[in-house]
Enquirer: 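Okay, here's the structure, questions in a sec.
Atom set for the values below is all heavy atoms of this structure, side chains included, hydrogens, waters and symmetry mates excluded. Order of the sequence lines sets the chain letters (A, B, ...), proteins ahead of strands, with each chain counted from 1.
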2 protein chains.
Amino acid sequence: MNVVNESPRRKELTRLAAQLFVQEGFDRTTVRMLAQEMGIKSGSLFHHFRDKQEILAAVIEEGTQNALMLARQALEECGDSTSERLHAMARAHLQTLLTDRNAHVVALYEWRRLDPAARDHLSHLRDAYEALWEQVIDEALQAGLIHGDRFLVSRFVMGALNWTVRWYDPEGPRKPEDLAHELVAMIAPATHVQPGQSTKV
Amino acid sequence: MNVVNESPRRKELTRLAAQLFVQEGFDRTTVRMLAQEMGIKSGSLFHHFRDKQEILAAVIEEGTQNALMLARQALEECGDSTSERLHAMARAHLQTLLTDRNAHVVALYEWRRLDPAARDHLSHLRDAYEALWEQVIDEALQAGLIHGDRFLVSRFVMGALNWTVRWYDPEGPRKPEDLAHELVAMIAPATHVQPGQSTKV
DNA sequence: GGTTTACACTAGCGCTTGCTTGGTTGATCT
DNA sequence: AGATCAACCAAGCAAGCGCTAGTGTAAACC
């Protein structure tokens, strides 16, 4: 059984699984549905994954790794100002929801279906991501850009962002950039944003 | 089959079902588990509900009706100022999450498990609740209390609030009142809050 | 006093589930 | 040419699923 490695085939299967998990939910997605989507028979599935749980864990790990990487990259590439860093984080978050939507939706909705071992492992990844947010929010608090309780503000912001998967329509007129702008404007109204952009209301 | 009426027995069963749906998720909760929790045999369950779907719909309807009622009541009882109305809505929302937690978590997490007919019926209820929010946010926008896009701001606020079920600990030191205060302070920092309370930071 | 109603029971049908088993294929390596 | 190995398949098992049929019983109603 090809349980340990990270073959390209396994990656492709993980991507397909994410799509099905979003459409049907984890519990309603049967191994036979997964196999069919992948163009193989259900028995063959267990050559790539130890069990159904491991497919879920693979989907979530993939998505979270990706988000973490993109957020770190966004922070490195943006300017030093606190306002720019807030923007960069919000934009990166929303862009991953756009480009890597399935894995993220699964991570948000099916987290509780993970068994304790997988949950423990993956929560470290998630904590690393949330730590990035808390750090940037800390900076914004110290700079007087936003006000309030560190813990509560970061939870509220994460909530507002994560909730977007429920209503955001990538085909609509609003771009991730617009949402990020609006969110930062909402919590830090006095902010001067990136050069070249006016503070729209 | 006692499918139509709203017997007290049925209400009690709905409450128990909500608890199990939160613990296990809808799909993982079997009719046998539900029956055992209710102290009856699985066959007897179908005297009270047509099928398993109907139990889910009952749970969600109960919770949403409740939230809508409490929000309307809160708006009637609070003062006329926009700031007070914002506060009242946030406080009411968080208090329902505290007192009627199970039904709300089910409504948030298991919405997609509803069949189309039930979803259609219940979405009207939910829309009525969200309309209350949009109305209050509209007032706040017009009063210049907060700024931004009407649609986006209300979605962000709903997200921040709904997300609280993921991290809020009712046993902890923070009261719903505190969260409501902090949220309003975050999006409307210049607000003068209720008499007798200082703007804490 | 007979009928209806509400609520519960027992027993199990028909089907689906995650997963296993034992074996085949075709490419790659030595 | 033989060995190795990932990838796949056909067949099916044991368990569990939602739900039904038919029955019992005590209280409520006419």
Enquirer: If you check every side-chain atom of B:Thr30, which of D:dC17, C:dC9, C:dC19 has the closest atom?
Expert: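 My answer, after comparing the listed nucleotides, is D:dC17.
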
Enquirer: Rounded off to whole Å, could you give me the CE-to-P distance for the B:Met38 and C:dC9 pair?
Expert: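 Distance, rounded to whole Å: 13 Å.
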
Enquirer: With a 4.0 Å limit, can you tell me whether B:His48 has a side-chain N or O closer than that to the phosphate oxygens OP1/OP2 of C:dA8?
Expert: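 True: B:His48 side-chain N/O within range (under 4.0 Å) of C:dA8 OP1/OP2.
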
Enquirer: Once you round it to whole Å, what is the distance between P of C:dA8 and CG of B:Leu45?
Expert: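 For the pair B:Leu45 CG and C:dA8 P, the rounded distance is 10 Å.
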
Enquirer: On a heavy-atom basis, which atom in B:Ala180 and which in B:Arg91 lie closest, and how many Å separate them?
Expert: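 Taking every non-hydrogen atom into account, CB-N, 3.7 Å.
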
Enquirer: Tell me the interatomic distance from B:Phe49, atom CZ, to C:dA8, atom P, rounded to whole angstroms.
Expert: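 In whole Å, C:dA8 P and B:Phe49 CZ are 11 Å from each other.
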
Enquirer: Before giving the answer on ring pair (Phe, Tyr, Trp, His ring centres under 6.0 Å), spell out for A:His93 and A:Tyr129 the whole-Å C-alpha distance, their side-chain angles and the decisive distance to 0.1 Å.
Expert: CA-CA 10 Å; A:His93 188 104; A:Tyr129 180 77; 5.8 Å; yes

Enquirer: If you go through the side-chain atoms of B:Arg32, does one of them form a donor-acceptor pair with the base of D:dG18 closer than 3.5 Å?
Expert: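 Result: at least one qualifying N/O pair found.
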
Enquirer: Check the angle between the aromatic planes of A:His181 and A:His87 and answer parallel, tilted or perpendicular using the 30° and 60° thresholds.
Expert: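 Taking A:His87 first and then A:His181, their aromatic rings sit tilted (interplane angle of 30° to 60°).
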
Enquirer: Round to a whole Å and report the spacing from CZ of B:Phe26 to P of D:dC17.
Expert: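 Atom CZ in B:Phe26 sits about 13 Å away from atom P in D:dC17.
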
Enquirer: For a quick test of reading the model: is some side-chain N or O of A:Lys52 closer than 4.0 Å to OP1 or OP2 of C:dG18?
Expert: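 Yes, because at least one side-chain N or O of A:Lys52 sits under 4.0 Å from OP1 or OP2 of C:dG18.
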
Enquirer: Between C:dC7 and B:His47, is there an OP1 or OP2 to side-chain N/O distance shorter than 4.0 Å?
Expert: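 Yes, within the criterion.
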
Enquirer: A:Lys11 has an atom NZ; how far is it from atom C1' of D:dA7, in whole Å?
Expert: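 After rounding, the gap between these two atoms is 20 Å.
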
Enquirer: Could you check how far CZ of B:Phe46 sits from P of D:dT20, rounded to whole Å?
Expert: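 The answer, rounded to whole Å, is 7 Å.
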
Enquirer: Could you say whether B:Asp27 or A:Leu13 is positioned toward the 5' end of DNA chain D, judged by the nucleotide with the nearest heavy atom to each?
Expert: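 Its nucleotide being nearer the 5' end, the pick is A:Leu13.
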
Enquirer: Send over the distance from A:Glu24 CD to C:dT17 P, rounded to a whole Å.
Expert: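 Between P of C:dT17 and CD of A:Glu24: 11 Å.
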
Enquirer: Without decimals, in angstroms, what is the distance between B:Leu34 CG and D:dC17 P?
Expert: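 The distance from CG of B:Leu34 to P of D:dC17 comes to 11 Å, rounded to the nearest Å.
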
Enquirer: Between A:Asp80 and A:Arg85, is the closest basic N to carboxylate O distance under 4.0 Å?
Expert: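 No, this pair does not count.
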
Enquirer: Can you see if the side chain of A:Arg9 gets near the phosphate of D:dC8 - specifically, an N or O under 4.0 Å from OP1 or OP2?
Expert: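 Yes, A:Arg9 has a side-chain N/O under 4.0 Å of OP1/OP2 on D:dC8.
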
Enquirer: How about B:Tyr109 and A:Trp111: are their ring centroids closer than 6.0 Å?
Expert: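 Centroid distance B:Tyr109-A:Trp111: not below 6.0 Å, so no.
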
Enquirer: Report yes if a side-chain nitrogen or oxygen of B:Ser44 is closer than 4.0 Å to either non-bridging phosphate oxygen (OP1 or OP2) of C:dC9; otherwise report no.
Expert: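 Answer yes for this pair, as a side-chain N or O of B:Ser44 is under 4.0 Å from OP1 or OP2.
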
Enquirer: Report the residue (A:Arg28 or A:Gly43) whose heavy-atom-nearest nucleotide on DNA chain C is the more 5′ of the two.
Expert: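 Mapping each residue to its closest nucleotide by heavy atoms, the 5'-most match is A:Arg28.
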
